[in-house]
Amino acid sequence: MGESWFHREFLTPRRLIFNVLFYGLQFFWFGLGWYLQETDEKLAALNALTWSVWTSRGAGLVLAFLAGLLLLPMLRNVIRVIRPKLAWLFPADENIWFHRQVAYSMAFWVMVHTTAHYVNFINVERTQVRTEYALQIHYTQAGGITGHFMVLIMVLIYTTAHRKIRNQCFEAFWYTHHLAFFFYVGLYSHADGCFVRDSTNPDYIPSFPFYSTEHCLGYESWRFTMWPAVLYFGERMYREYRARRSTKLSKVLVHPSGAMELRIVKPSFKYTAGQWLFIQVPELSRFQWHPFTITSAPEDPYVSVHIRQVGDWTHSLGERLGCGPSVVAAMTKTAMKGVEKNEDIYGTRGEFVELDSGTLSRPLPDVRIDGPYGAPAEDVFDNEVAVLVGAGIGVTPFASILKHIWYRQKKGNIGSLRRVEFFWVCRDAPSFGWFQTLLQEIEDAQFDPNFLRINIYLTQKIGEDMLWNIAVNDAGADFDPLTLLRTRTMFGRPDWKSIYRRIREAIEIGQYLPGSNAQLKTTVGTYFCGPGVMAHAIKEATLQHTSKNVIFKFAKEHF
């Protein structure tokens, strides 16, 4: 029986430590806020409201803490710099996951804070601690107005951040997320209502923060939460400046199944294999930046990304570049039939088509890139064995890494790396054309046939045309008819537990690595990019087969 979600998220050692610290701090701030409110003699009149005002104050202090914490995982440049040095200390590659955990906690404490304040306002009107109506506090005072304003923004941000909405309409996610600026404006002005005070009437002043700290006795937590906002604003300004450096879109290549390859020249851009970047096309949108993995190697004279046309923005980009659905559909249809040679139309099956910019009605659009940003796959060369697993378009980070390994093999400098297992799981055969030429070149360049093993899996139900092509071309052939590689394509889904068991057993008996024996510890790093369901299956297999002498590590690509 597999590991339960609760055990995986809360009881594994690293998650358990994180949860104790993360949620422990939240309850500490809640208790502190409750205590300071309840014991403040100046607020004796307000404390007549009892538990509701104590709850609202405690939850408010937690929200101030979380609002500052929310921005820290988004300091991408800071994380990129400190990641190689401090990755052992904290999961720098899970910054988006941490950002979501903070957001989930904020949603909970907002409900607590808001509900308690509704009770407060009703009790103020009922007891006449202050001569005002609940509706006045709700909709005519700064605290009530900014509070409802922030809740509305959170509803918009949270709903459009849902995975299905984000994947189908990234623009909605992108634009609503930038309402966070107004959320923080509301947060820093929330105390202007002076609800917590030791007098009947609010005490306003003409200068910032527009209320008297002598009689308005809030925690003034904005003094602390503003610093993450200042850091984030500074980073965004730096990113904007860096992205405006000279960039040229030199080539556009079209691959089957809706993938476009953009080759960009930017002399000032330096990166490491496995990293990723943001791309903006001002002609389509001057505000949207979209993340993509870098597929070129640092040694290449260009920066390339592979973009699959699956959403509004990517479809618009394909149409603008002259490689919209009709062009891709024709290529995919040809590839699905298994035609190996058709030079008059597309060249060798699986290779790309380079768009001739001279035939386009408009010149290639301007492209801006921002990055690079760190990723787990950067650490490939720190392991003795690297297992690279890509699902569909998730193969992109490993294109860069495999190409980089190829360059380093030529120089005789591959660090600690002694063996590479590459797995590519695809739903349809045409997708193999995205990197077919690259895989052929890397396969042909291997001096040691055991150094790199390419494992290709096809999960699609095989059609009659494809089955006939395999039957005709596979018998006695040196190359696989689907991928044109020496490695044979396997059908169905990989059995990860069986794969990792074989790797462990081969290492332990000394047959997997040259010159190794069972007494030496071997580190096997697994790097995955693809859907969460497959990630869970692979991670479970690595945990199950880790032994005293064979240590399996797992890292998943995050955006």
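Because the structure is a prediction, the values reported are computed rather than measured.
For Val252 against Leu364, the heavy-atom pair with the smallest separation is CG2-CD2, 3.9 Å. Smallest separation of non-hydrogen atoms from Val380 and Ala386: CG1-CB, 3.8 Å. In this structure, Pro494 and Val425 approach most closely via the heavy-atom pair CG-CG2, 3.8 Å.
Panel note: side chain Asn455, backbone Phe423; no donor-acceptor pair is recorded below 3.5 Å. Looking only at distances, a side-chain donor or acceptor of Tyr158 sits under 3.5 Å from a matching main-chain atom of Ala103. At least one donor-acceptor pair under 3.5 Å links the side chain of Thr295 to the backbone N or O of Ser304. In this structure, the side chain of Lys266 engages the main chain of Ile369 through a donor-acceptor pair within 3.5 Å.
Taking the six-membered ring for Trp and thresholds of 30 and 60 degrees, His290 and Trp313 have nearly parallel ring planes, at less than 30 degrees apart. Under the 30°/60° scheme for interplanar angles, the aromatic rings of Trp276 and Tyr373 are found to be tilted. Between His177 and His99, the two ring planes are tilted [angle within 30° to 60°].
Inter-residue side-chain proximity for Phe173 and Ile165 is flagged as unmet; no heavy-atom pair is nearer than 4.5 Å.
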Residues Phe528, Trp496; criterion ring pair (Phe, Tyr, Trp, His ring centres under 6.0 Å); working and verdict: CA-CA 13 Å; Phe528 173 76; Trp496 297 111; 7.8 Å; no

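Pairs passing the salt bridge (charged side-chain N to carboxylate O under 4.0 Å, His left out) check and including a residue from residues 382-400, sequence neighbours excluded, read Glu384-Arg418.
A donor atom on one side chain and an acceptor atom on the other are found under 3.5 Å apart for Arg236 and Tyr232. Side chains of Tyr271 and Ser400: no donor on one and acceptor on the other come within 3.5 Å.
For Lys548 and Glu508, the salt-bridge test fails: no basic side-chain N is under 4.0 Å from an acidic carboxylate O.
Sparse packing is recorded around CG of Asp366, with 12 or fewer heavy atoms of other residues, nucleotides or ligands lying under 6.0 Å away.
Every residue two or more places apart in sequence or in another chain that forms a side-chain contact (heavy atoms from CB on, under 4.5 Å) with Gln544 is listed here: Lys497. Qualifying side-chain contact (heavy atoms from CB on, under 4.5 Å) partners for Ala172, counting only residues two or more places apart in sequence or in other chains: Thr160, Cys169.
Side-chain rings of Phe552 and Phe554 stay apart, their centers remaining 6.0 Å or farther from each other.
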